Amino acid sequence: MTSERVQLPAQYSPGEVESRRYEAWVAAGYFTPDPANPAPAFTIVIPPPNVTGSLHIGHALDHTLIDALVRRRRMQGYKALWLPGMDHAGIATQNVVERELARDGLSRHDLGREAFVERVWQWKTESGGRILGQMRRLGDSVDWTRERFTMDAGLSRAVQTIFKRLYDDGLIYRAQRIINWCPRCLTALSDIEVDHTDDEGELVSIRYGDGDDQIVVATTRVETMLGDTAVAVHPDDPRYAHLVGREIELPLTGRQIPVVADPHVDPEFGTGAVKVTPAHDPNDFEIGRRHGLPSVVIMDERGVITAPGPFQGLDRFEARPAVLAALRAERRVVSERRPYLHAVGHCSRCGTTVEPRLSLQWFVKVAPLAKAAGDAVRDGRVRIYPQEMAARYFDWVDDMHDWCISRQLWWGHRIPVWYGPGGQVVCLGPDDEPPAGDGWERDADVLDTWFSSALWPFSTLGWPEDTADLRTFYPTSVLVTGYDILFFWVARMMMFGLYAMAPAGPEGSVPFRQVALHGLVRDQFGKKMSKTRGNTVDPLDWIDRFGADATRFTLARGATPGGDVAVSEEWVAGARNFCNKLWNAARFALLNGAVAGRPLPSDSELATADRWILSRLAEVTAEVDELYEQFEFAKICDVLYHFAWDEFCDWYLELAKPVLTNVPSSTGPAGQDEAAAQATRCVLGEALDRLLRLLHPVLPFVTEELWIAVTGGESVVMARWPGEVAEGVCGLPRLAVDTGAEAEITSLMRLVTEVRRFRSDQGLRPGQQVPAVLAGIGETRLARHEARIRSLLRLTEPGDRFVPTGSVQAEGVVVELDTAAGLDVEAERKRLTKDLATARADIEAAERKLASSSFVERAPAQIVAKNRERLAAAQGEVRRLTERLAALPSGPS
RNA sequence: GGGCGCAUAGCUCAGUGGUAGAGCACUCGCCUUACAAGCGAGGGGUCACUGGUUCGAACCCAGUUGCGCCCA
């Protein structure tokens, strides 16, 4: 018996536990693995949150899942590393600081580049990284000693190193291309930084040329006609065959432009003729290249018309109606459709309509890198969960455009290229000195934020240096992230990881071995969360009100692989209730002298209920292990929730009560009762100990508090996982599955439930003691359980004046009860009638099947036998119920 | 326009050939000495529609309708 009994209050208060526990974990160094530890490594790098960000519910989901994986591996004996850090988030951060400056009426140009960047660093130190503090509230078991930032010295070195290598390998080049341009942020964007929406616009058909040499083109961007340098038609289109090769007049400009034939023109769309503006449309740029057309730039970087003439100086959206009006005046507008819904690209950072712009930018030549990235998944070196998502991944990597990596910003990794006075171009590695002499200038642009993010799995471990961390923790084990950044981040880490770490070989160069994708967090109606909709959830608010564990459980419980997670306040309250249930189960165990960590008595000394709960625990443990391997978090939570609540609390604890409180059983001397109580205290302690360990990865705080109270151990964080453990690590003794005990307890549950139903239907209060006889129980497998059954059902031994007024039959036992007030005949009739209907429906269903000769002949024997049994059982029930109904006193009629 | 996915209880979702499940919500009865953030009992679904395969279909196939996502 435990000497020091811990007194727990009746309710769990997360606020009193969480921060205390978290800081103790960090101080103890639990989250800091030693590379020299011979155990296998398990590594997850955090998807680095933007330095501008704060913890939102999506992070909370991602972090909960990662933390659960890492905590389980740690308990399994792996040297588990969850590496934290942040992303400098180029545009987003620059925008924040520029907005701050704007409040003082300043722009970044007023400060100049150096001072501005200094100012951003200052901001980063002061208010950036709020999210890292918030992660502590959630309980993230990250190794703070290894925290990294995408702009720190080590990562800058990694960026410059890989840039130089790619450059030297011809995989980075500079070229004049049409890129996505944000006229507000004044920078180039990559394809995936552009969000497409269907916007209302107009489709205008304009007549170019005159007389026989006229052709009608349709456009949603009338103003760009100022930069047209051709009209294109399909080579096989008979309508325009006579015009191909000739020149027609471009209205408003007086320029003559050729009609060219290009197979990419869709003859079915519109008139089958398209205007070609090589400087302002990516498709037209390609047409222009194929036909050697000139590019006429008509707009500046802010979207203002520069083409000489009446429209010069107008914004692109002002120019549109102005040009249209001018064309209309010349009677060149053939038709106008308005509104016309069409896809329009927007800057993913600020929402401004993106302008395709011809400019000189740096690109990564992705073809060979993307091929390798695709192959790593194709040949199974990297596995994507759920597998269906791999299709999207392949679609992307197998058809990727070259990646525009230069950004016209100041905040970011500056491109390490110098231009000499004689037109020299020199790319420098991190240890190279800039070229000496006058006239050398460094490229003004910085790199896309995602360029440094792509290096995250190895740059954070010390690459390009050959560090112990890199050797130990790379490749990382699992990459956990939302499917929404599969392209932004996952694909690019694959490309750069395989390239940079190539010397490690095909297996050793992958950035991660598994990719576990989750979805978005949605509201209780499955709607996307958004500030405008007003349905967002602040995880810190939930943590304050319901606890970190409840918040985590709510998220994990909804997380099916790749699936979105719907949450609501009612559900987090339910999760909070679950934590409280655990709390009280532990409280009960402690009040009743549960002992943990002792060798279990032999099977013969254990009660059936004890063997049953241990058996179920063995099964649940195996199940949870299997589900973890598949990232089935929702199922893990579900299995543990029902085991803990339904089986452990509702049945096992109730079954243990009479034993623990030494209610004399009907058989055996008192000494036996005490021995039985001791055995049950052992099992109770052991089961609770293991259950808390199993739940710890998802519910770190409440399990820590309770586990320490129950076991007296140091911390469940480092306690051994009850299931599978790492190779070479000593696990807990394996529990046996006991099918006999399970069958007995299942039978007991059915009998008890049936009698409870009778009691409830009869209006007997739950606490009311009812004298009863359990006739025939001696001949069933429940023979030894009479005392516990009586305890659960509050049935007392029949006294001298026992008069059975009602009876319930189940599991071969006839329970005769003396309901003091006599039987409620109508209630009983109703109950029996309902049961009779169920039994008859059963008969019908079984008979229908068995009557079909093809079923009997072709269905597996096992299924046929099952239906025969069902039929027989139902027939017996019908007979029994019919008799019982007939025996009831006739109603008042 | 191309591709992918989804449609099961009031809501959110599990359920890949053999008697339809969970959480929350709902109804009834209970402060039964761990827990009212609780206990016990209960109601509720022609599994979107149409056809096919099969002894047997929520599940496999085809089509229809509606919704969502990704890409252009």
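Bear in mind the structure is a predicted one, so any value in this text is a computation, not a measurement. Residue numbers start from 1 in every chain, and the chains themselves are labelled A, B, ... in the order their sequence lines are given, proteins ahead of strands. The analysis underlying the following values was restricted to heavy atoms, covering all of them including side chains, and did not include hydrogens, waters or symmetry mates.
- Separating the P atom of C13(B) from that of G18(B) is a span of 25 Å, rounded to the nearest Å.
- Between W396(A) and the options Y483(A), W403(A), F487(A), a ring pair (Phe, Tyr, Trp, His ring centres under 6.0 Å) holds for only F487(A).
- Closest to the side chain of A566(A), from the set C30(B), G18(B), U12(B), is U12(B).
- Following rounding to the nearest Å, L582(A) (CG) and A34(B) (C1') show an atom-to-atom distance of 12 Å.
- Nearest-nucleotide assignment on RNA chain B puts the 5′-proximal partner with K834(A), out of K528(A) and K834(A).
- For A25(B), the base has no donor-acceptor partner in the side chain of Q524(A) [N/O atoms by modelled type, under 3.5 angstrom].
- To the nearest angstrom, P of G56(B) lies 15 Å from CD1 of I863(A).
- An OP1 or OP2 oxygen of C55(B) is reached within less than 4.0 angstrom by a side-chain nitrogen or oxygen of R858(A).
- Taking the six-membered ring for Trp and thresholds of 30 and 60 degrees, W542(A) and F546(A) have ring planes more than 60 degrees apart, a perpendicular arrangement.
- The nearest whole Å value for the distance from the CH2 atom in W396(A) to the C1' atom in G2(B) is 16 Å.
- For the pair G526(A) and H401(A), nearest-nucleotide mapping onto RNA chain B gives the more 5' position to G526(A).
- K527(A) comes within contact range of no nucleotide atom at all, as no heavy-atom separation falls under 4.0 Å.
- Near RNA chain B, meaning a heavy atom under 4.0 Å from it, residues 755-762 of chain A has R756(A), R757(A), S760(A) in order of number.
- Note: CD (E570(A)) to C1' (A22(B)) measures 16 Å, nearest angstrom.
- Atom-to-atom distance recorded for T703(A):OG1 and L694(A):CG is 10.5 Å, nearest 0.5 angstrom.
- Using a 4.0 Å cut-off between a side-chain N of Lys or Arg and a carboxylate O of Asp or Glu, R788(A) and E654(A) do not qualify as a salt bridge.
- Salt bridge present: E569(A) and R545(A) bring a charged side-chain N and a carboxylate O closer than 4.0 Å.
- Per the geometry, CD1 belonging to I485(A) stands 14 Å off P belonging to C70(B), to the nearest Å.
- For H264(A), the NE2 atom counts as loosely surrounded, since its 6.0 Å shell holds 12 or fewer non-hydrogen atoms of other residues, nucleotides or ligands.
- Between R221(A) and E355(A) there is a salt bridge, since at least one side-chain N of the basic residue sits less than 4.0 Å from a carboxylate O of the acidic one.
- A gap of 15 Å separates the P atoms of C59(B) and A9(B), to the nearest Å.
- Here Q762(A) pairs with nothing under the side chain to side chain donor-acceptor pair (under 3.5 Å) rule; sequence neighbours left out.
- Taking only side-chain nitrogens and oxygens, K657(A) never comes nearer than 4.0 Å to OP1 or OP2 of U32(B).
- Rounded to whole Å, atom C1' of G38(B) lies 15 Å from atom CZ of F588(A).
- In the set G40(B), C55(B), U32(B), the nucleotide with an atom closest to the side chain of R794(A) is U32(B).
- Nucleotide G23(B) is matched to C11(B) when pairs are restricted to Watson-Crick or G-U wobble geometry with both distances under 3.5 angstrom.
- A heavy atom closer than 4.0 Å to some atom of RNA chain B occurs in K635(A), D638(A), Y641(A), H642(A), W645(A), these being the qualifying members of residues 630-646 of chain A.
- Ring geometry for Y385(A) against F631(A) counts as perpendicular: the plane angle is over 60°, on a 0 to 90° scale with 30° as the lower cut.
- Between the CZ atom of R557(A) and the C1' atom of G21(B) there is a distance of 13 Å, rounded to whole Å.
- Separating the C1' atom of U53(B) from that of C61(B) is a span of 7 Å, rounded to the nearest Å.
- Relative to the six-membered ring of W645(A), R557(A) misses at least one condition, a distance below 6.0 Å or an angle of at most 45° to the axis.
- When the side-chain nitrogen and oxygen atoms of N577(A) are compared with OP1 and OP2 of G38(B), one or more of them lie within a distance under 4.0 Å.
- Applying the 4.0 Å criterion to OP1 and OP2 of A14(B), one finds that T560(A) has a side-chain N or O inside that range.
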